[in-house]
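Here is the structure we will look at.
Computed from a predicted model, the values in this text were never measured in an experiment.
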2 protein chains.
Amino acid sequence: MINNKAKLNFDIILVEPKIGGNIGAIARLCQNFNVNKLVLVAPQIDHNNDEARQRAKHSHYYLENAEIWESLESIRDTYSFLIGTSAKAGRNYNVLRQPSYPWELHEMLGVTEGKIGLVFGREDRGLSNEELRNCDFLVNIPVPAKFKVMNISHAVAVVLYEIWKLIFQKEVKLTEEKSSNSKEREILFDTFKEIVEALPYEEHRKPIVFHSFTTMINRSFSTSEEIHSLIGIFKTIKQNCSEKIEE
Amino acid sequence: MINNKAKLNFDIILVEPKIGGNIGAIARLCQNFNVNKLVLVAPQIDHNNDEARQRAKHSHYYLENAEIWESLESIRDTYSFLIGTSAKAGRNYNVLRQPSYPWELHEMLGVTEGKIGLVFGREDRGLSNEELRNCDFLVNIPVPAKFKVMNISHAVAVVLYEIWKLIFQKEVKLTEEKSSNSKEREILFDTFKEIVEALPYEEHRKPIVFHSFTTMINRSFSTSEEIHSLIGIFKTIKQNCSEKIEE
């Protein structure tokens, strides 16, 4: 199924975090998503306090082995790419803040083997313009509501999920249960159509019925196995019923 | 660009939550992502306690207006679709737990205007099999690490983000047509089951066929009209075939 050993080479970098619970929650995410390490720039609190440890669950490793630095600038050169995150939306608002979207990330990351740092700003004020200038580009999670500021650990969750998705989707295609293809579905649709055609049913309703059936099946993200199990039963319906009807 | 006024009609439903901080964090997400309301099934704690209110930030509205119910079953009929979530991965693992992936959700949701409930289980034990049976289908967030269990609010964040992405990425036109509800689908499923039961077909394959059919239909976010057009044809199949088979 999904390859647990796949590993992207990236760190989570938190600038001046001040809430232990957030740091702990992010440590847990680091473990969920195989992050390399947690890096803290000028933390405003003991990052391994009770609140952090409690929220980290089984991920104390990331707290105990967190790297601490004085400024973002001081670690700039250890990364191939520093990706900043911002709650400020709008591509045109400010040149510095023209962000990419999370769903663009995995395509970008797919082309690099370099070490990547994902930078998240202060809980209350985000990243300063100077810190943003140290980032290679910005990512913004678009949020529909007026109250746009997500909790920092939620932003980390969405970005990590989006990065990993590329790997999941590829591996899912390779190894998980096979999705059905259009040829398999055609067999099902043809069989269903033959049954419907043979039935005593209002003729003008038949195309509607057929359309409903095909549309719903096409929308259902069916697997090969599911389609074949329906083909089996519909062929049986056809054999046992259509002939009888036509008699 | 992004349509801030777009509104999908869905509730977040938490089954037996027991940590106020999680409920508060989820209330904040409800506001970030314009969720209709927060529904709590048999909460194990005062959902509006200090911890919850502190974590909810500016989103006390969702805590103060949370609906409380005794069981998932008791609210089943108020939703067009109940979508369960599970940390258990794998489409083959268990018939009940064959999940969809979050990235499949937004395409499915694009075709319904029905009321949707997103159901998240207990922090420690998730959803019971009985509760899963009340859901129309399951979504699983694939996580690369061995320690797969995300914090519940992180799971909510990812699912909400993924649903909204559709609206962010393109102008979505929700269908004007009425979503089907579980009672209408039950009629279709019962009719289909009666047909299958009456057929000369390997007995051990019949439950698999039935499961494939119901799963695919539930995943397809069908409209009332689509379901009724299938009910019509399947009743005709039943009348014209089953009797003949049994003769």
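- With a 4.5 angstrom heavy-atom cutoff, A:K57 touches chain B only via side-chain atoms.
- Of the two parts of A:A25, the backbone and the side chain both hold a non-hydrogen atom closer than 4.5 Å to a non-hydrogen atom of chain B.
- Taking 4.0 Å as the cut-off between side-chain N and carboxylate O, A:E186 and A:K193 do not count as a salt-bridged pair.
- Interface residue A:Y161: only side-chain heavy atoms are found under 4.5 Å from chain B.
- For A:F234 and A:F189, the ring centers are positioned 6.0 Å apart or more.
- A donor and an acceptor atom, one from each side chain of A:H58 and A:Q31, are nowhere located under 3.5 Å apart.
- When the shell of 6.0 Å around NZ of B:K235 is examined, it contains 12 or fewer heavy atoms from other residues, nucleotides or ligands.
- If you tally non-hydrogen atom pairs under 4.5 Å between each of A:T215, A:I227, A:V196, A:V149 and chain B, the highest count goes to A:V149.
- For chain B, the nearby part of A:L230 is the side chain; its heavy atoms alone come within less than 4.5 Å.
- Aromatic ring centres of A:F33 and A:F10 lie farther apart than the 6.0 Å criterion allows.
- Proximity to chain A is absent for every atom of B:I19, based on heavy atoms less than 4.5 angstrom apart.
- Heavy atoms of A:L160 lying under 4.5 Å from chain B are absent altogether.
- When heavy atoms are compared at a cutoff of 4.5 Å, A:I141 approaches chain B solely by way of its side chain, counted from C-beta outward.
- Checked for salt-bridge contact, B:E226 and B:R185 miss the test: no charged N lies under 4.0 Å from a carboxylate O.
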